Amino acid sequence: MAIRLLPPVLVNRIAAGEVIERPAAAVKELVENAIDAGASRIDVTLQDGGQALIAVVDNGGGMALDELSLAVERHWTSKLPEDDLLRIAALGFRGEALPSIGAVSRMRIVSRPAGADNAWEIAVEAGRKSVPVPAAHPPGTRVEVRDLFFATPARLKFLKTPRTERDLAVDAVRRLAMAYPAISFTVIGDEERVLLRLAAAAEPAAAVARRIRLAALLGRDFAENSVEIDAERGGFRLTGLIGLPTLNRAAPRDQYLVVNGRPVRDKLLVGAVRGAYQDVLARDRHPMVALFLDGPHEEIDVNVHPAKAEVRFRDAALVRGLIVGALRNALAAAGHRASTTVAAAAVAAFRPAAGIPAASARRLAFPLPPPTPSLALAESANDFLQPTEEPPATGLPLGTARAQLHGTYILAETPTGIVLVDQHAAHERLVYERMKEALAAHGVARQTLLLPEVVELDETGAARLAARAAELAEFGLVIEPFGPGAVVVREVPALLPGLDVGGLVRDLADELAEWGDALALKERIETVCGTLACHTSVRAGRHLSPAEMDAVLRQMEATPNSGQCNHGRPTYIALDLAEIERLFGRR
């Protein structure tokens with residue numbers, strides 16, 4: 001078959017397939033155009049999830065008659081003044097959005113520049129455009145897209161339910177609204193239902209305006225339980241808010257990343273966030289973050305994806321290092337702070353128990369007996385739990401220990417309430433942080449076992465451990481092959497006497513099987529240290545003396561990330577006296 005030029009209408013439909021794969025993509029492109037036009041107010045209307053109607057109205061710069069006709073042609077744009085694809089300062093730049101949308105829908109554009117006597121209207125149906133005609137419209141632009149994909153009915157089969165498509169479109173607006181707090185956004189759905197309404201931030205300070213906008217979008221919990229990020233490196237600046245580890249989600253849907261004002265879903269950035277939270281979150285949990293990265297345009301290539309959803313950095317390592325370092329420093333600076341949602345969940349758990357049986361109520365009415373004298377801790381625990389004189393509760397964030405409950409929880413009194421500490425989770429974090437410090441400073445000291453311990457494994461697991469023996473020795477664990485399906489452990493970290501050697505070796509073998517050969521143990525320092533710490537921490541059921549309990553509290557106050565264990569679970573719950581009084585009907 002002879003080579004031939006594709007018809008313009010077909011070319012536009014191919015472009016539409018790349019750029020406009022669903023209503024949310026059309027909404028995103030139209031709202032980006034409104035932002036590029038300098039709008040301070042953008043209103044979006046959706047009917048039937050955007051399939052029946054998408055209307056975007058803005059008060060931006062508008063288009064004159066000659067511009068309106070060119071705007072619906074492919075590759076006509078006002079956003080590349082110097083024709084330099086390495087210096088893209090606008091959200092849109094290819095000139096494909098409007099002709100692509102018009103190729104698969106019935107589109108109508110009405111626009112009026114500021115100072116013009118009247119507006120002009122143009123229509124495009126399945127790629128065929130009409131002659132512009134005069135119209136009535138205030139300064140700004142209105143774009144109506146009706147019957148999306150009517151010209152390509154096969155595409156309709158790939159759309160999800162109207163509600164799902166509507167939610168995706170609203171999310172596209174939310175991501176853009178996050179980056180532009182000075183613009184007001186409204187999204188109206190079927191039956192005039194308001195799906196999103198965000199007022200323009202009146203606060204002139206950019207950081208304050210952004211915090212207000214993020215609180216409106218992500219909720220008060222995020223605003224109250226997040227820490228600020230502000231770091232620079234190599235011409236790039238990273239700002240935003242990140243949630244405390246104890247405020248997490250089962251899916252990464254609440255991770256928002258904006259590069260030079262452009263919301264993106266970039267694997268490098270997502271991976272950097274994951275790496276930053278690696279030692280404070282379990283693998284199946286995800287943090288809440290809203291990050292804004294600004295850098296030189298020539299260092300960032302935004303022309304790598306048809307929908308502009310991904311970017312590429314000239315120096316990817318620099319950007320990843322900036323993100324990981326800034327987030328880890330901010331989390332460490334948060335110290336023992338834990339999310340207030342932990343306490344809220346605890347209070348909520350108590351409320352259904354309002355009808356406590358009378359017998360239980362009588363038991364609770366008596367004062368608790370003095371704690372039973374505790375057993376002495378092993379030498380390993382003494383390294384972290386040095387007894388101290390009991391200080392007054394005033395001025396101590398985690399208060400003064402008053403009792404140990406069920407051999408598992410430390411009950412402490414603060415000036416404004418109580419704190420309940422999970423002793424195993426807390427000590428696990430303390431051991432973990434001490435191991436990391438020792439490894440970074442001078443390596444982990446080793447202690448020879450009086451009787452070497454043989455650990456039986458499957459043949460493959462034993463071989464994996466033997467192959468990494470030199471690296472494991474740097475962590476203080478010395479092993480040797482012992483036949484085809486076993487290893488012998490001769491030395492363990494001196495920090496960790498009383499170690500469950502067999503359980504530790506089996507866990508490490510399982511983790512090596514998961515990582516494969518791609519990563520060195522040094523690159524997984526958090527995981528290795530966390531595994532070691534978990535196998536040696538103070539266990540539930542271990543009785544502690546009052547001095548030892550207070551030592552745990554003081555160590556937590558001085559240790560980074562001590563508000564959660566290595567798996568992201570909270571190490572303590574703090575309850576205000578006011579909350580407790582409400583539970584008992586005193587308020």
Side-chain angles (χ1 to χ4, degrees), residues 211-212 214-227 241 243-250 254 285 287-288 334-371 390-426 429 540 544 546 549-550 552-554 556-557 561-565 568-587:
R211 178 176 276 277
I212 294 171
L214 290 176
L217 287 168
L218 299 180
R220 190 174 67 180
D221 283 347
F222 179 74
E224 291 178 350
N225 298 292
S226 58
V227 294
L241 296 174
L244 294 171
T246 42
L247 181 69
N248 54 64
R249 297 288 184 263
D254 285 328
R285 304 301 296 180
M288 296 179 66
H336 68 274
R337 183 180 167 198
S339 166
T340 58
T341 56
V342 175
V347 172
F350 279 114
R351 286 206 167 93
I356 295 177
S360 299
R362 283 195 298 273
R363 284 200 303 271
L364 292 173
F366 291 102
L368 290 172
E390 181 178 311
T394 304
L396 299 174
L398 297 182
T400 303
R402 297 302 185 200
Q404 185 183 29
L405 309 179
H406 300 286
T408 303
Y409 304 103
I410 299 170
L411 179 64
E413 179 185 5
T414 69
T416 59
I418 64 172
V419 171
L420 193 63
V421 178
D422 181 333
Q423 65 187 42
H424 171 68
R429 170 58 67 177
L544 305 178
M549 289 187 285
D550 269 327
V552 171
L553 302 179
R554 303 293 80 78
M556 290 176 65
E557 291 166 352
N561 303 315
S562 60
Q564 57 281 319
C565 74
R569 293 188 295 269
T571 57
Y572 73 90
I573 297 171
L575 298 177
D576 285 339
L577 188 58
E579 294 172 330
I580 299 171
E581 290 177 338
R582 277 194 290 270
L583 286 174
F584 286 94
R586 289 180 174 270
R587 287 201 175 199

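Along the sequence shown, residues are numbered consecutively beginning with 1. Predicted, not measured: the structure shown is a model, and the values here were computed from it.
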Asker: Write down the atom of Val552, the atom of Ala426, and the distance for their closest heavy-atom approach.
Answerer: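 It is CG1-CB, 4.2 Å.
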Asker: Please check if the side chain of Gln423 supplies one atom and the backbone of Met549 the other of a donor-acceptor pair under 3.5 Å.
Answerer: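 No.
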Asker: Taking only residues two or more places apart in sequence or in another chain, which ones pass salt bridge (charged side-chain N to carboxylate O under 4.0 Å, His left out) with Arg211?
Answerer: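 With sequence neighbours excluded, Arg211 shows a salt bridge (charged side-chain N to carboxylate O under 4.0 Å, His left out) to Glu228, given in chain and number order.
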Asker: For residues Phe222 and Leu247, report the shortest heavy-atom separation together with the two atoms involved.
Answerer: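 Of all heavy-atom pairs spanning Phe222 and Leu247, the closest is CA-CD2, 3.9 Å.
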Asker: Using the test side-chain contact (heavy atoms from CB on, under 4.5 Å), find all partners of Ala223 that sit at least two apart in sequence or belong to another chain.
Answerer: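 Ala223 satisfies side-chain contact (heavy atoms from CB on, under 4.5 Å) with Ala215 once adjacent residues are dropped.
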Asker: Look up atom CG in Leu544 and atom OG1 in Thr408, then write down how far apart they are to the nearest 0.5 Å.
Answerer: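 Answer for the CG-OG1 pair, Leu544 versus Thr408, is 10.0 Å.
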Asker: For Leu398, is there any backbone N or O sitting under 3.5 Å from a side-chain donor or acceptor partner on Glu557?
Answerer: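 Yes: the side chain of Glu557 pairs with the backbone of Leu398.
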Asker: About how many Å separate CG of Leu218 and OG of Ser226, when rounded to the nearest 0.5 Å?
Answerer: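 These two atoms lie 9.0 Å from each other.
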Asker: Is there a side-chain contact between Leu396 and Thr414 in this structure, where contact means two heavy atoms from C-beta onward sitting under 4.5 Å apart?
Answerer: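 No, their side chains stay 4.5 Å or more apart.
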Asker: What distance do Arg569 atom CZ and Arg285 atom CZ have between them, rounded to the nearest 0.5 Å?
Answerer: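 It is 11.5 Å, given to the nearest 0.5 Å.
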Asker: Which pair of non-hydrogen atoms, one from Arg429 and one from Gln564, has the smallest distance, and what is that distance?
Answerer: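 It is NE-O, 3.1 Å.
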Asker: Would you say that Ile580 contacts Ile418 through its side chain, given a criterion of any heavy-atom pair below 4.5 Å between the two side chains?
Answerer: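 A side-chain contact exists here, since the closest heavy-atom pair is under 4.5 Å.
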Asker: Identify the two heavy atoms, one from Ser562 and one from Thr571, that lie closest to each other, and give their separation to 0.1 Å.
Answerer: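 Scanning both residues completely, I find the closest heavy atoms to be O-OG1, 2.5 Å.
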Asker: Can you check whether Pro570's main-chain N or O pairs, donor with acceptor, with Thr246's side chain at less than 3.5 Å?
Answerer: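 Pair absent, no side-chain N/O of Thr246 close to backbone of Pro570.
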Asker: Could you pull out the closest heavy-atom pair between Ala401 and Ile410, with the gap in Å?
Answerer: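 Ala401 and Ile410 have their closest heavy atoms at CB-CG2, 4.1 Å.
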Asker: Over all heavy atoms of both residues, which pair between Gly399 and Asp550 is shortest? Give the atoms and the distance, please.
Answerer: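 Taking every non-hydrogen atom into account, O-OD1, 4.3 Å.
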Asker: Please name all residues satisfying side-chain contact (heavy atoms from CB on, under 4.5 Å) with Leu420, sequence neighbours left out, ordered by chain then number.
Answerer: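 Result, side-chain contact (heavy atoms from CB on, under 4.5 Å) vs Leu420: Leu405, Tyr409, Leu411.
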